[in-house]
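Throughout, protein chains are lettered first and strands after them, A, B, ... in sequence-line order, and every chain is numbered starting at 1. Computed from a prediction, not measured in an experiment: that's the story for all the values here.
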Amino acid sequence: MDEQKEKIRAYFARLFRNRDLQDDTDIFATGFVNSLMAMQLVMFVEKEFHIKIDDEDLDLKNFNSINAISGLIKRRAAVGTLS
Amino acid sequence: MKIELTPQQAGDKAAFRAFVDNHIVPHADRFDRQESIPSTLIKRIGDQGYLGLNLSPQHGGDGKDMITLGLLHEEVGRGCSSVRSLLTVHGMVAQSILRWGSGLLKERWLSRLARGEVIGAYGLTEPNVGSDAQSVETRAERFRDFYLLNGQKKWISFGQIADLFLIFAQCEGKPTAFLVARDNPGLSIKPISGMLGTRAAMLAELYLNDCRIPKENIVGREGFGFSHILPVTLDFGRYSVAWGCVGIAQGCFEACMSYAGERKQFGSYLKDYQLIRKMLTDMITNIKAARLLCYQAGYYKDINDPRTLSETLIAKYFASTMVTRVANNAVQIHGANGCSSEYSVQRYLRDAKVMEIIEGSTQLLEVSIAQYECQNMAFA
């Protein structure tokens, strides 16, 4: 069980009620993500996983699915950029 | 739960109040008439550290929490909304760099912004674009080592004096934010005068004609201007405005308490009439409620809770609609004197109305908050 992915899944499950999101579902393609959600997602990831997201991470590929976010967190943790 | 200022916050609030009472309140009506703020006052504000209060010492700031920053914006707002507006737009630029600027931009600008050596202004609105920010018409073209900006910005607070502008543009169809220095060739500035309120905020129009800026002046990445830079900066702006509204309303209340205790009609002081007391009670209650919403938004900011974004919308909505009612009643209590330039309440009323228009109009917030609050339930 991937604990990080579980937390991200739980977050999206609350955010996208009644929507079945797979780990590789492109959340931006769902059409339900607005600017508030995009920034809240950054804040959620930073707070929940104790990492700092900066300008170099601003790539939709880092945020567009549960897998992508999990990958970003792992890469950030690996290079020691925990906040 | 504990809703109480820490000793540090209470001490800072007292210091802010003393500064405002000494250096702003006695002159604010004159600033309003002259439609400008003296550079000596701006320097003094910078010297106090008020332009970089929440920036870390590493970036030349004081490293204060967001509640303390809110207390400053309330006190300055009580004295003069135009000066508070300087803290707002300057802070929005600093915030954009702090949150999404490259290491180079942080190093180049943050300390200078924090010390007030550089004044920042926010370039989003245009002649054809107000609430519909996503439709900005200013364009950016990417070349090998630079961007070329073309377009026009309007209603830019402190555009007349700012040294650094955060400009939103469509970069080949992708919304993007850029920093443009005042001395950049291709940027020209035209002052705006005769506004209803915040008349000393030195508004300007900006004209970008083949304005060539280095490629490293991009804030964030191409395409992230509206999704990530705009929300961060507007969130700061709304937080500042919400506190500023509490400040205006507090100024109204204090003016009314003073006036109602001195003014006699029909043989009694105004304060002894029940209809006056009702208006004062409404003021007291609404000011306290708005301040609590600001505390809530600030608390979430200090713990990096995503809920702060929508809580700030709510605080701004409540505070800005509250303050127009409070200021309206303040003029009513003052009667003909309240309509005169001899009393500050007429300025408070004009400034209050502006608060319902800037950083998200009342109507925009009325359709957004319900939607966002549903999202917010994800964090409950």
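- Only the backbone of Phe226(B) comes within contact range of chain A, with at least one heavy atom under 4.5 Å from a heavy atom of that chain.
- Atom OG1 in Thr308(B) sits 9.5 Å away from atom CD in Gln40(A) (nearest 0.5 Å).
- For the atom pair CG (Asp235(B)) and CE (Met39(A)), the distance works out to 8.5 Å, reported to the nearest 0.5 Å.
- Scanning all heavy atoms of the two residues, the minimum distance from Arg221(B) to Leu58(A) falls at CG-O, 3.5 Å.
- Shown here for Val42(A) and Arg99(B), the closest heavy-atom pair between the two residues is CG1-NH2, 3.2 Å.
- Counting non-hydrogen atoms of other residues, nucleotides and ligands closer than 6.0 Å to NZ of Lys215(B) gives a total of 12 or fewer.
- In this structure, the separation between CG on Asp55(A) and CG on Leu105(B) is 8.0 Å, given to the nearest 0.5 Å.
- Residues Asp305(B) and Met43(A) share a closest heavy-atom pair of O-CE, 3.6 Å.
- Looking at Ile303(B), both its backbone and its side chain come within 4.5 Å of chain A, counting heavy atoms on both sides.
- The two residues Ala38(A) and Ser227(B) have their closest heavy-atom pair at CB-O, 3.9 Å.
- Asp57(A) does not touch chain B: none of its heavy atoms, backbone or side chain, sits under 4.5 Å away.
- The local environment of CZ in Phe28(A) is crowded, with over 12 non-hydrogen atoms from other residues, nucleotides or ligands closer than 6.0 Å.
- Distance NZ/Lys106(B) to CG/Asp54(A): 6.0 Å, rounded to 0.5 Å.
- Within a 6.0 Å sphere centred on CD of Glu107(B), other residues, nucleotides and ligands contribute 12 heavy atoms or fewer.
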